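Nothing here was measured: the structure is a model prediction, and the numbers come from that model.
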Amino acid sequence: MPSSRTQPTRLIVWGRSLLALTVVGLLLVLGVANIALRATAHQVEDGVLWSDRPEGVTATEIADNSPAARAGIERGDILLAVNGIRVDRRADVIEYQHRGVAGTTLQYTLIRLGAQQGLQVELAASPHGSSMYYLLAAVGLFTLLVGASVRLRRPDDQATLHFFWLCVAFFGAFTFSFTGPLDRLDWIFYWGDAVAMALLPALLLHFTLEFPERPAHAAPRKARCSRTRST
């Protein structure tokens with residue numbers, strides 16, 4: 001008859017396994033949805049890398065022969081408004097762009113060297129991204145499955161919990177990527193990627209410091225077996 005302490009231990013082990021499966025299932029659904037959206041997204045752009053800076057939404061890079069370059073936007077320009085409506089974040093600009101299609105004209109109000117001016121920018125279709133994202137997304141999915149497999153095989157080992165969450169962070173950094181429209185689902189991808197990137201260094205350092213070392217006196221299994229046979 002099992003002792004009274006065996007049953008709670010089994011319940012805890014099953015609970016940990018169920019939690020890991022739930023997390024993995026949810027992340028797999030979101031990851032596949034992110035990949036599908038990236039594959040079918042129809043995006044347009046102005047050719048500017050807008051950045052959030054203390055002085056405002058600033059043009060930090062401009063692609064050659066892009067709509068912005070043809071319109072006369074220069075590096076260092078600060079974007080005040082789009083179509084007469086104030087913008088405060090880079091995400092506001094992206095939202096305006098993805099409401100349009102190739103050929104849509106936006107009116108930008110800029111500040112350059114202290115002077116305000118208006119420019120018209122005709123959006124163009126974004127160049128098709130390389131397959132690098134899909135390769136990284138596949139690596140992220142594989143990493144997540146490896147972490148889940150290790151955790152399910154040894155759910156009572158603290159080291160596998162560290163490894164599992166490290167794999168989750170790698171999955172988020174590699175697989176989550178916002179697609180442009182910044183709707184509710186896209187914001188999940190955006191923040192999932194941002195949080196994973198922020199946590200990844202700390203989790204990696206914690207895992208490295210806490211991972212248990214193999215005891216020096218623990219001989220390999222094959223060596224122990226051979227010594228046992230020899231005796």
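- Residue Ile111 belongs to a hydrophobic cluster whose other members are Ile78, Leu80, with links defined by side-chain heavy atoms closer than 4.5 Å.
- Looking at Val87, Asn83, Leu79 one by one, the single match for side chain to side chain contact (heavy atoms under 4.5 Å, CB included) with Tyr108 turns out to be Leu79.
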Q | side chain to side chain donor-acceptor pair (under 3.5 Å) between Ser177 and Arg38, worked out | A | CA-CA 8 Å; Ser177 175; Arg38 282 294 296 262; 2.6 Å; yes

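- Taking the charged nitrogens against the carboxylate oxygens, Asp77 and Arg112 do have a contact shorter than 4.0 Å, which makes a salt bridge.
- Contact of the Val121 side chain with the Ile73 side chain is registered, since non-hydrogen atoms from C-beta on lie closer than 4.5 Å.
- The cationic group of Arg151 does not satisfy the cation-pi geometry with Phe163, failing either the under 6.0 Å distance to the six-membered ring centre or the 45° limit from the ring axis.
- Counting non-hydrogen atoms of neighbouring residues, nucleotides and ligands closer than 6.0 angstrom, the CZ atom of Arg70 exceeds 12 such neighbours.
- Counting non-hydrogen atoms of neighbouring residues, nucleotides and ligands closer than 6.0 angstrom, the CG atom of Leu113 reaches no more than 12 such neighbours.
- The shortest distance between side-chain heavy atoms of Thr175 and Phe189 does not fall below 4.5 Å.
- Nearest heavy-atom pair across Asp46 and Gln97 is OD2-NE2, 2.8 Å.
- Annotation: Phe176 is in aromatic contact with Phe171 [ring centroid separation under 6.0 Å].
- Atom CG of Leu141 is separated from atom CG of Leu136 by 11.0 Å, given to the nearest 0.5 angstrom.
- Taking the six-membered ring where tryptophan is involved, the planes of Trp191 and Trp187 are essentially parallel, since the angle between them stays under 30° and well short of 60°.
- A donor and an acceptor atom, one from each side chain of Ser51 and Arg90, are nowhere located under 3.5 Å apart.
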